[in-house]
Amino acid sequence: MNVIHLTYPEALPKEERKETVAAIGFFDGIHKGHQRVINTALEKAKQEGKESAVVSFHPHPSVILKKNSEPVRYITTLEEKEAILREMGIDRLYIITFNEALSKLSPQGFIDHFIVGLNITHLVAGFDYTFGHKGAGNMENITSMAKGRFTTTVVEKLENGNEKVSSTRIRKLLNEGSVHEIFPLLGRYYEATGTVVTGDNRGGSRLGYPTANIDLPKDKYLPKQGVYAVKVKVDGNTYNGMANLGVVPTFVEGRTEPKLEVNIFDFAENIYGKKVTVQFYKYIREEKKFSSVEEIVSQLKRDEVMIREFFAK
């Protein structure tokens with residue numbers, strides 16, 4: 001997959017403007033609704049013998065429009081988004097920098113510069129996709145702006161349990177810790193990828209539960225703090241394990257940013273510095289502050305039994 005980053009008013013050199021069928025959207029999460037849009041573009045590209053493309057944006061518009069006082073965190077980071085789209089078989093990924101200049105671009109200007117300018121002959125988008133200054137462009141008025149230069153397909157909303165499949169719904173489930181309900185919406189388990197780093201040296205190995213401390217991207221949207229049944233992908237292999245996502249109140253005072261620690265079952269390799277992916281299968285319990293080492297070990301044993309039984313089903 002060819003990944004091309006563009007910043008308005010930058011244009012793609014003429015020799016690189018291949019005819020493409022493109023899906024457009026922010027696509028945070030690449031959930032099943034997004035997948036339907038992207039797969040529609042893939043199928044159309046195959047029918048027409050053209051390259052497939054996805055047009056997406058970074059950062060989220062709220063960063064520039066300052067609609068959000070909290071730091072923006074993504075269900076899929078830019079790196080994860082690229083990996084998923086590559087796996088889906090997309091030929092080209094255009095990442096357009098969302099900045100102040102782009103936010104002020106008129107809908108017609110957006111169409112002329114980024115759709116016609118990229119030689120997109122057919123554009124696929126969700127029914128609620130908007131573009132241009134103040135979102136004035138939409139899939140109802142886009143035809144008048146296309147002026148016959150490209151055609152469009154509008155993909156209607158996808159529902160799961162009479163509720164729209166959306167990034168908002170996925171975030172709500174993550175906030176609740178309901179990670180087991182996310183698989184039907186994503187078509188995959190919720191996961192986070194990071195690098196194994198040195199921890200707080202609290203002697204997890206002496207407790208009988210050595211942990212891999214995983215440094216995650218700062219802009220990754222994380223589920224509710226607590227203990228989870230997880231699977232861990234390391235060097236192409238997958239292992240069961242249990243994870244604590246939290247501030248470790250027993251050992252640390254005043255920490256506010258959660259950290260992810262994973263005890264990988266039946267695993268004794270040195271993986272410092274390696275990139276691993278943690279898949280969240282089930283929320284087990286809240287993070288606790290313990291009064292003694294014995295109390296910690298007793299709880300960890302109960303957690304391990306419960307999680308091993310969960311994976312054995």
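What you see below is based on every heavy atom in this structure, not just the backbone, and it leaves out hydrogens, waters and symmetry mates.
- The environment of NZ in Lys18 is sparse: at most 12 heavy-atom neighbours from other residues, nucleotides or ligands sit within 6.0 Å.
- Residues Asp266 and Arg308 are paired through a salt bridge, judged by an N-O separation under 4.0 Å between the basic side chain and the carboxylate.
- Taking the centre and axis of the six-membered ring of Phe311, the NZ or CZ atom of Lys231 falls inside the cone set by 45° and 6.0 Å.
- Taking the six-membered ring where the residue is Trp, His31 and His34 present parallel rings, their angle staying beneath 30° rather than reaching 60°.
- Residues Glu257 and Arg73 are paired through a salt bridge, judged by an N-O separation under 4.0 Å between the basic side chain and the carboxylate.
- With sequence neighbours left out, the salt bridge (charged side-chain N to carboxylate O under 4.0 Å, His left out) criterion links Lys301 to no other residue.
- Partners of Phe57 according to the ring pair (Phe, Tyr, Trp, His ring centres under 6.0 Å) rule, which considers only residues two or more places apart in sequence or in another chain, do not exist here.
- The salt bridge (charged side-chain N to carboxylate O under 4.0 Å, His left out) contacts involving residues 32-44 comprise Lys44-Glu48, where partners must be two or more places apart or lie in separate chains.
- Between Tyr129 and Ile24, the shortest heavy-atom contact is OH-CD1, 3.4 Å.
- Between Lys288 and Glu295 there is no salt bridge, since no side-chain N of the basic residue sits under 4.0 Å from a carboxylate O of the acidic one.
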Checking Glu176 against Lys172 for the salt bridge (charged side-chain N to carboxylate O under 4.0 Å, His left out) test, could you report, in this order, the C-alpha distance in whole Å, the side-chain angles of both residues, the deciding distance, and whether it holds? CA-CA 6 Å; Glu176 296 168 354; Lys172 181 175 180 290; 2.7 Å; yes
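- Between Glu100 and Lys104, at least one side-chain nitrogen of the basic residue sits less than 4.0 Å from a carboxylate oxygen of the acidic one, meeting the salt-bridge criterion.
- Relative orientation of the His60 and Tyr74 rings is tilted, given thresholds of 30° and 60° on the angle between their planes.
- Note on ring orientation: taking the six-membered ring where Trp is involved, the planes of Tyr189 and Tyr281 are parallel (angle under 30°, cut-offs 30° and 60°).
- Between Glu79 and Lys275, at least one side-chain nitrogen of the basic residue sits less than 4.0 Å from a carboxylate oxygen of the acidic one, meeting the salt-bridge criterion.
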Run Leu222 and Leu216 through side chain to side chain contact (heavy atoms under 4.5 Å, CB included) and show every step you take. CA-CA 10 Å; Leu222 296 174; Leu216 299 173; 3.6 Å; yes
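- Under the 4.5 Å side-chain heavy-atom criterion for Ile, Leu, Val, Met, Phe, Trp and Tyr, Val232 and Leu245 are members of the same hydrophobic cluster.
- In this structure, Gln47 places its CD atom where more than 12 heavy-atom neighbours from other residues, nucleotides or ligands lie under 6.0 Å away.
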Test log, rule side chain to side chain contact (heavy atoms under 4.5 Å, CB included), inputs Asn2 and Glu51: CA-CA 11 Å; Asn2 190 8; Glu51 284 197 2; over 6 Å; no
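- Salt bridge Lys157/Asp128: absent, no basic N to carboxylate O contact under 4.0 Å.
- With contacts defined as side-chain heavy-atom distances shorter than 4.5 Å, the pair Leu118/Thr20 does not qualify.
- Looking at heavy atoms from C-beta onward, Tyr8 lies out of side-chain contact with Leu6 at the 4.5 angstrom threshold.
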